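Take a look at the structure set out below.
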2 protein chains.
Amino acid sequence: MTSTQFHRISKVLADPRRYKILRKIASCDEAACSVLHSRFPISAATLSHHLKELSNAGLIDTRKEGKFMHIKVRRKVWKAYLDELSKL
Amino acid sequence: MTSTQFHRISKVLADPRRYKILRKIASCDEAACSVLHSRFPISAATLSHHLKELSNAGLIDTRKEGKFMHIKVRRKVWKAYLDELSKL
DNA sequence: ACATCATTTAGATGGTTGTCAAATTATCGT
DNA sequence: ACGATAATTTGACAACCATCTAAATGATGT
């Protein structure tokens with residue numbers, strides 16, 4: 001894990017709502033964008049923004065199926081991030 | 001660890017320089033404020049600001065000895081934070 | 001009492017960030 | 001081709017944040 005990615009992940013975790021979104025995604029094998037939208041009291045644009053931030057940080061994988069977007073947590077990246085933190 | 005403290009710590013870790021400061025403190029048993037200041041290219045006011053953020057998040061303990069300030073990482077809080085993250 | 005030192009606080013500044021509405025894009029059903 | 005749907009992008013806005021200088025505070029030495 002590069003220093004750049006490490007700090008990207010740290011920044012992304014700074015927003016409580018975004019962290020909740022990440023936890024929601026992590027609570028199932030794969031999450032649908034529309035389901036996330038129905039669970040969080042924010043606009044579709046804001047949800048899209050947060051998902052982009054998570055994706056840019058490398059924390060999630062996304063795949064499109066027709067109009068629908070499916071998201072899953074990249075467990076290996078998450079583990080690497082925790083390993084890095086535990087070096088403090 | 002409360003949800004509030006958890007998010008405070010996450011926010012505090014979002015700034016790369018502040019994280020470096022935390023690592024520096026963690027690299028020795030106890031760090032002196034003046035030593036930290038000599039090691040980071042920021043003003044004393046900015047260093048003070050960052051130390052206050054770290055303290056408010058509960059990540060460090062500070063003690064005064066005359067004019068000098070000494071700082072150490074609260075290892076138990078750090079461990080609790082990592083434990084929480086690993087629940088994802 | 002006064003000067004010096006270490007640190008903190010106050011206020012200003014410029015950059016960042018989460019939120020929205022509106023527009024846009026891509027997909028699907030008719 | 002067209003309308004509806006799911007999701008993204010754009011631009012604006014308000015709030016947040018790291019940085020600075022200057023001033024203030026408290027401890028120390030004379």
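Residue numbering restarts at 1 for every chain, and letters A, B, ... go by the order of the sequence lines. Note that this is a predicted model, so its numbers are computed, not measured.
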[X] [atom1] to [N] [atom2], straight-line distance once rounded to whole Å:
{"X": "B/Arg8", "N": "D/dC16", "atom1": "CZ", "atom2": "C1'", "answer": "15 Å"}
{"X": "A/Asn56", "N": "C/dG18", "atom1": "CG", "atom2": "P", "answer": "12 Å"}
{"X": "B/His37", "N": "D/dC20", "atom1": "NE2", "atom2": "P", "answer": "9 Å"}
{"X": "A/Phe40", "N": "C/dT19", "atom1": "CZ", "atom2": "P", "answer": "11 Å"}
{"X": "A/Lys67", "N": "D/dG3", "atom1": "NZ", "atom2": "C1'", "answer": "11 Å"}
{"X": "B/Leu36", "N": "C/dT7", "atom1": "CG", "atom2": "P", "answer": "9 Å"}
{"X": "B/Arg63", "N": "D/dA27", "atom1": "CZ", "atom2": "P", "answer": "15 Å"}
{"X": "B/Phe68", "N": "D/dA27", "atom1": "CZ", "atom2": "P", "answer": "13 Å"}

Between A/Ser43 and B/His70, name the one whose nearest nucleotide on DNA chain C is closer to the 5' end.
-> B/His70
Toward the 5' end of DNA chain C, by each residue's nearest nucleotide, B/Leu47 or A/Arg18 =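 Mapping each residue to its closest nucleotide by heavy atoms, the 5'-most match is B/Leu47.
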Choose from [options] the nucleotide whose nearest atom is closest to any side-chain atom of [X].
{"X": "B/Met69", "options": "C/dT19, D/dA7, C/dT7", "value": "C/dT7"}
{"X": "A/Asp15", "options": "D/dC20, C/dG18, D/dT28", "value": "C/dG18"}
{"X": "B/Thr46", "options": "D/dC20, C/dT16, C/dT19", "value": "D/dC20"}
{"X": "A/Ile42", "options": "D/dT8, C/dC20, C/dT7", "value": "C/dC20"}
{"X": "A/His50", "options": "C/dT7, D/dC20, C/dG18", "value": "C/dG18"}
{"X": "B/Cys33", "options": "D/dT8, C/dT7, D/dC20", "value": "C/dT7"}

Within the structure, does a side-chain N or O atom of A/Lys52 lie under 4.0 Å from either OP1 or OP2 of D/dA7?
-> no
Phosphate contact (C/dA6 OP1 or OP2) by B/Lys64 side-chain N/O below 4.0 Å | no
Begin from the C-alpha positions of A/Lys87 and A/Asp83 and carry the test salt bridge (Lys or Arg N to Asp or Glu O under 4.0 Å) through to its verdict.
-> CA-CA 7 Å; A/Lys87 287 172 185 171; A/Asp83 285 349; over 6 Å; no
Out of A/Arg74, A/Arg75, A/Lys76, A/Lys72, which residue meets the salt bridge (Lys or Arg N to Asp or Glu O under 4.0 Å) rule with A/Asp61?
-> A/Arg74
Please report the C-alpha distance between A/Leu59 and A/Tyr81 in whole Å, then the side-chain angles of each, then the deciding distance to 0.1 Å, and finally whether the side-chain contact (heavy atoms from CB on, under 4.5 Å) criterion is met.
-> CA-CA 10 Å; A/Leu59 274 181; A/Tyr81 179 68; 5.7 Å; no
Remember a base hit wins even if backbone is also touched, and classify A/His49 as base, sugar-phosphate or nothing at under 4.0 Å, heavy atoms.
->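 If one applies the 4.0 Å heavy-atom cut-off, A/His49 turns out to touch a base.
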Using a heavy-atom cut-off of under 4.0 Å over every strand shown, decide if A/Ser34 touches base, sugar-phosphate, or nothing.
-> sugar-phosphate
CA sep, side-chain torsions, deciding dist, call: A/Lys11, A/Glu53, salt bridge (Lys or Arg N to Asp or Glu O under 4.0 Å) = CA-CA 9 Å; A/Lys11 263 172 115 69; A/Glu53 292 291 304; over 6 Å; no
Write down the atom of B/Lys24, the atom of B/Leu36, and the distance for their closest heavy-atom approach.
->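 Between these two residues, the closest heavy atoms are CG-CD2, 3.7 Å.
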